[in-house]
Amino acid sequence: MTRQDIHKEIVREFRDCLGNRKDFGAARKYLAPTYIRHNPPSNEGIEAFEECAGACKKDPPDLTNEVIRVLADGDYVVLHVHSFEPPDIHVAVVEIYRFENGFIAEQWDVAQIIPATSSCPDRMF
């Protein structure tokens, strides 16, 4: 298994801990001590992750996330995720992770609500 394959598996597990199982303690084990989440409402560091985790606990319990694709390039891993909140909120999410010494050192994300109708036959995924 290559380093990139290992990083891809770590990101899948991290995302599943956060987005589906709401197991933030388990997710925290993947973060570097200097973790930075590049998201305007977030601060830097592990404390910012814990604040975000607290907010995520308030998400509806039936919120689910399906990883559609995982791409890796060097120390970077990219996820393309379909997030779904019943009854009808669908969101396309792209997350970028940078690894350092086997841990997630940085994270970026963008999200877009998926419209109910689209002129694009391939939709968002």
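When hydrophobic clusters are built by joining Ile, Leu, Val, Met, Phe, Trp and Tyr residues whose side-chain heavy atoms come closer than 4.5 Å, directly or via intermediates, Ile96 is not grouped with Ile104. Hydrophobic cluster membership is shared by Val67 and Ile6, with clusters built from Ile, Leu, Val, Met, Phe, Trp and Tyr side chains linked at under 4.5 angstrom. Both Leu18 and Ile89 sit in one connected hydrophobic cluster of ILVMFWY residues. Membership requires side-chain heavy atoms under 4.5 Å apart, directly or through other members. Under the 4.5 Å side-chain heavy-atom criterion for grouping Ile, Leu, Val, Met, Phe, Trp and Tyr, Val110 is not connected to Val93 through any hydrophobic cluster.
Note that CZ of Phe99 is 11.5 Å distant from NZ of Lys8, once rounded to the nearest 0.5 Å. Distance check: His7 NE2 to Phe103 CZ gives 10.0 Å after rounding to the nearest 0.5 Å. Atom NZ of residue Lys29 and atom CG of residue Asp23 lie 8.5 Å apart, to the nearest 0.5 angstrom. Once rounded to the nearest 0.5 Å, the distance linking OG1 of Thr64 with CG of Asp16 reads 11.0 Å.
In this structure Glu66 satisfies the salt bridge (charged side-chain N to carboxylate O under 4.0 Å, His left out) test with no other residue, sequence neighbours excluded. Residues passing the salt bridge (charged side-chain N to carboxylate O under 4.0 Å, His left out) test with Arg15, sequence neighbours excluded: Glu95.
In plain terms, the two heavy atoms of Ala105 and Ala32 that are nearest each other are CA-CB, 4.0 Å.
Proximity of Val91 to Glu85: side-chain heavy atoms (C-beta onward) are nowhere separated by under 4.5 Å. Taking 4.5 Å as the limit, every side-chain heavy atom of Tyr97 sits out of range of all side-chain heavy atoms of Ile10.
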Using distance only, find each side-chain donor-acceptor pair of residues 68-84 under 3.5 Å and give its atom names and separation, not counting sequence neighbours.
residue, atom, partner, partner atom, Å
Arg69, NH1, His80, ND1, 2.8
Arg69, NH2, Phe125, O, 3.3
Asp75, OD1, Arg3, NH2, 3.3
His80, NE2, Met124, O, 3.4
His82, NE2, His90, ND1, 2.7
Ser83, OG, Asn65, OD1, 3.0

Exercise for review: Please step through side chain to side chain contact (heavy atoms under 4.5 Å, CB included) for the pair Asp109 and Arg37, ending with a clear verdict.
Suggested key: CA-CA 9 Å; Asp109 57 78; Arg37 182 167 184 230; 3.2 Å; yes
Practice item. Given side chain to side chain contact (heavy atoms under 4.5 Å, CB included), test Lys22 with Leu63 step by step and report yes or no. Key: CA-CA 10 Å; Lys22 307 272 192 265; Leu63 177 74; 4.0 Å; yes
